[in-house]
Asks: 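The structure under discussion is supplied below as structure tokens; questions concerning it will follow.
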Amino acid sequence: MTLLQARDPRTGQLDFSFEAAGRTDIERAANRLRAAGQDWQALGLDGRMAKLGELADAIGRHHQAIAERLSVDTGRRKIAGREVDGTIGAIHGWLAQAPHLLPDGWTDGRMNPAIRHAPQFVPYALVGVISPWNFPLTLSMIDTIPALLAGCTVMIKPSEVTPRFVEPLMVAIEEAGLKDVLTFVQGGGATGADLIDHVDAVCFTGSVATGRKVAAAAAGNMIPAFLELGGKDPLVVLESADIELASDAALRGSVLSTGQACQSIERIYVARSIYDTFMDRLVEKAQSVRLNWPDIGTGEIGPIIFANQAEILQRHIDDAVAKGANVLTGGSVETHGGGRWLKPTVLSNVTHDMAVMREETFGPILPVMAFDKVEEAIALANDTEFGLSAAVFAGSLEEAEAVGRQIEAGGVSLNDAALTALFHEAEKHSFKLSGMGGSRMGPAGFQRFLRRKALIANTGKPAPIGAFAEDAP
Ligand code: NAD
């Protein structure tokens with residue numbers, strides 16, 4: 001038995017202990033889910049939709065309890081509440097879409113109309129979901145909801161850094177009568193690795209380093225792995241951009257959730273002719289951002305959830321400064337009441353030789369570079385091993401679109417930043433090291449949990465072997 005402890009990001013106290021699920025616990029849970037899976041599939045889409053509607057209602061009834069625990073896990077209150085709202089909204093969104101996403105019926109063959117085909121969609125019996133600490137509820141449920149609707153059962157392994165929200169959520173899951181088809185196993189990396197050995201497909205959200213291990217383990221088990229990994233999202237601000245709007249988008253896109261979001265803006269390229277004015281506005285706005293300390297009910301940004309992340313943020317700032325960058329505001333990780341915090345940190349005079357321009361930072365740091373030609377900005381934006389998302393700001397949508405089409409990333413926000421956090425209807429893949437597998441957004445987010453089976457019918461006569469004789473006419 002391994003006992004784990006979770007730290008409160010506002011106090012630094014290790015005040016929550018829990019047992020990590022071992023291999024036999026996972027095996028038992030997997031057997032139970034698989035046994036219930038047949039009835040779950042037999043319910044049909046309508047029946048499953050009704051049950052998920054009950055889940056949305058139950059989560060609504062337990063909103064406060066879930067949000068409160070999530071708030072301790074993450075050190076922020078407003079976003080915790082929004083995670084719960086967002087989960088309920090996501091269920092309703094999928095309920096509205098799911099009935100329209102699968103083709104039905106027979107199609108005549110093109111080569112031989114007598115041979116017809118029809119699709120059948122067969123869900124993976126058991127899907128494993130492994131989630132990170134930055135949006136503990138959202139990223140546990142984002143793949144779970146469409147997987148359940150598709151007819152899969154689901155086992156979730158949330159991050160060991162943020163385990164508290166699970167208990168009240170499980171109460172809602174039980175109340176909705178879904179505990180036989182949806183369960184959580186708590187634990188760290190070892191529990192995640194064990195989970196991969198007991199499921200038929202795995203959805204992983206987390207770092208590239210762990211994603212590689214998950215991909216290798218899934219390949220060994222010959223199961224699909226859907227990987228949503230890190231990013232180093234660029235924002236390109238063209239000369240024609242409205243500086244007020246662009247600096248608003250840059251700041252929000254970089255520092256919302258303390259920058260602990262995969263789709264956060266991590267580097268900014270600004271046309272040289274507007275660079276100085278843009279920087280003045282950005283720094284002024286960055287300085288008005290408040291920590292939600294000491295009162296969790298005020299301010300815009302919360303603590304650094306994962307203590308080790310604070311060291312990474314400071315290392316990126318120190319490395320940049322050592323190589324010639326200037327800190328225009330912010331710059332030092334602060335300790336308040338045992339928690340770690342970083343005010344929005346704007347850096348100028350940065351280059352692609354600095355870690356802050358190359359590695360995922362995952363914090364409220366805004367390194368800004370000037371560019372002369374649009375082609376140079378596009379090349380800089382693409383000079384990365386990541387390809388999660390990106391953003392372009394310009395005076396017109398056409399101009400932003402023309403640049404956006406040349407950026408190698410799965411989602412590009414035009415005249416805003418980080419829109420993939422707010423808008424989940426468009427399909428998108430993760431480019432380069434940012435992930436692999438089908439889109440989690442849009443119709444594919446549901447369809448990818450169903451294996452395609454083809455029923456192929458001959459309405460004419462089967463060909464005899466003689467039709468294939470070497471000397472047949
Ligand atoms: P992480 O990779 O450290 O951990 C993610 C999960 O994997 C945790 O639950 C962890 O316990 C588990 N795990 C660790 N070792 C494992 C193993 N060997 N086998 C199976 N599971 C294992 O990531 P993190 O630090 O929790 O989260 C931050 C990262 O997540 C950042 O890189 C961020 O960009 C990424 N992220 C990506 C998206 C996206 O949609 N692309 C969204 C949010 C976060």
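Atoms within each ligand, like the ligands themselves, are counted from 1 in listed order. If you're wondering where the values come from, they're calculated on a predicted model, not measured in any experiment.
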Asks: Of the non-hydrogen atoms in Arg48 and Leu149, which two are nearest, and what is the gap between them?
Replies: NE-O, 2.8 Å
Asks: Who gets closest to atom 5 (C) of ligand 1 by heavy atom: Thr205, Leu229, Val129?
Replies: Thr205
Asks: Say whether Pro158 and ligand 1 are in contact under the criterion: heavy-atom distance to a ligand atom below 4.0 Å.
Replies: yes
Asks: Between Phe306 and ligand 1, which part of the residue brings a heavy atom under 4.0 Å of the ligand: side chain, backbone, both or neither?
Replies: neither
Asks: Tell me whether Arg340 is salt-bridged to Glu311, with the criterion being a basic N under 4.0 Å from an acidic carboxylate O.
Replies: yes
Asks: Where is the tightest heavy-atom contact between Ile79 and Ser257, given as atom of each residue plus distance?
Replies: CD1-OG, 3.6 Å
Asks: Please work out which of the three classes, parallel, tilted or perpendicular, describes the rings of Phe306 and Trp133, given edges at 30° and 60°.
Replies: tilted
Asks: What closest approach, in Å, do Trp94 and Pro146 show between heavy atoms, and which atom pair accounts for it?
Replies: NE1-CD, 3.7 Å
Asks: Checking a contact table here: which protein heavy atom is nearest atom 27 (O) of ligand 1, and how many Å away?
Replies: Pro132 CB, 3.1 Å
Asks: What's the shortest distance from atom 34 (O) of ligand 1 to any protein heavy atom, and which residue and atom give it?
Replies: Glu360 OE2, 2.5 Å
Asks: May I ask you to identify, for Leu195, whether its side chain, its backbone, both or neither come under 4.0 Å of ligand 1 on a heavy-atom basis?
Replies: neither
Asks: Give me the residue, atom name and distance of the protein heavy atom closest to atom 24 (P) of ligand 1.
Replies: Trp133 NE1, 3.4 Å
Asks: Which protein heavy atom lies closest to atom 17 (C) of ligand 1, and at what distance to 0.1 Å?
Replies: Gly189 O, 3.6 Å
Asks: Which atoms of ligand 1 are found less than 4.0 Å from any heavy atom of Leu388?
Replies: 41 (N)
Asks: Regarding ligand 1, does Asn134 bring an N or O atom to under 3.5 Å of one of the ligand's N or O atoms?
Replies: no
Asks: Quick one: sort the Trp293 and His336 rings into parallel, tilted or perpendicular, breaks at 30° and 60°.
Replies: parallel
Asks: Looking at atom 18 (N) of ligand 1, what's its closest protein heavy atom, distance included?
Replies: Lys213 CD, 3.8 Å
Asks: Any atoms of ligand 1 less than 4.0 Å from a non-hydrogen atom of Glu228? List them with their elements.
Replies: 37 (C), 38 (C), 39 (C), 40 (O), 41 (N)
Asks: Under 4.0 Å, heavy-atom basis, I'd like to know which part of Val208 is in contact with ligand 1: side chain, backbone, both or neither.
Replies: neither
Asks: With heavy atoms of Leu139 as the reference, note each atom of ligand 1 found under 4.0 Å away.
Replies: 42 (C), 43 (C)
Asks: Any heavy-atom pair between the side chains of Leu169 and Met141 that's under 4.5 Å?
Replies: yes
Asks: Measure from the side-chain N and O atoms of Gln186 to the backbone N and O of Pro163, and report whether any donor-acceptor pair falls under 3.5 Å.
Replies: yes
Asks: Is it true that the side chains of Thr361 and Lys232 contain a donor and an acceptor less than 3.5 Å apart?
Replies: yes
Asks: What do we get for Thr191 next to ligand 1 when only non-hydrogen atoms under 4.0 Å count, side chain, backbone, both or neither?
Replies: neither
Asks: Regarding ligand 1, does Arg440 bring an N or O atom to under 3.5 Å of one of the ligand's N or O atoms?
Replies: yes
Asks: Of the protein's non-hydrogen atoms, which lies at the shortest distance from atom 8 (C) of ligand 1, and what is that distance?
Replies: Ser131 O, 3.4 Å
Asks: Return the closest protein heavy atom for atom 16 (C) of ligand 1 as residue, atom name and distance.
Replies: Thr210 CG2, 3.3 Å
Asks: Just going by heavy-atom distances, which of Gly206, Ser207, Gly128 is nearest to atom 2 (O) of ligand 1?
Replies: Ser207
Asks: Report yes or no: do Asn31 and His198 form a side-chain donor-acceptor pair below 3.5 Å?
Replies: no
Asks: Just by distance, with hydrogens left out, do Lys285 and Ser247 show a side-chain donor and acceptor under 3.5 Å apart?
Replies: yes
Asks: Check ligand 1 against Val214 and write out every atom of the ligand that is under 4.0 Å from a heavy-atom position of the residue.
Replies: 20 (C)
Asks: Looking only at heavy atoms, which two atoms of Met170 and Thr183 are closest? And how far apart?
Replies: CE-OG1, 4.3 Å
Asks: So which heavy atom in the protein is nearest atom 7 (O) of ligand 1, and how far is it from that ligand atom?
Replies: Phe204 CE1, 3.2 Å
Asks: Do you know the tightest heavy-atom contact between Leu388 and Ser430?
Replies: CD1-OG, 3.6 Å
Asks: For the pair Asn382 (side chain) and Ile407 (backbone), establish whether a donor and an acceptor sit closer than 3.5 Å, ignoring hydrogens and angles.
Replies: no
Asks: Heavy atoms only, cut-off 4.0 Å: how does Ala190 contact ligand 1, side chain, backbone, both, or neither?
Replies: neither
Asks: Just jot down the ligand 1 atoms closer than 4.0 angstrom to any heavy atom of Gly192, in number order.
Replies: 19 (N), 20 (C), 21 (N)
Asks: Can Arg76 and Thr258 be counted as having a side-chain donor-acceptor contact under 3.5 angstrom?
Replies: no
Asks: Enumerate the atoms of ligand 1 whose separation from the nearest heavy atom of Gly230 is less than 4.0 angstrom.
Replies: 32 (O), 34 (O)
Asks: Hey, which atoms in ligand 1 end up nearer than 4.0 Å to a heavy atom of Ser159?
Replies: 9 (O)
Asks: Identify, by atom number and element, the atoms of ligand 1 in contact range of Ile130, meaning under 4.0 Å from any of its heavy atoms.
Replies: 6 (C), 7 (O), 9 (O), 12 (C), 20 (C), 21 (N)
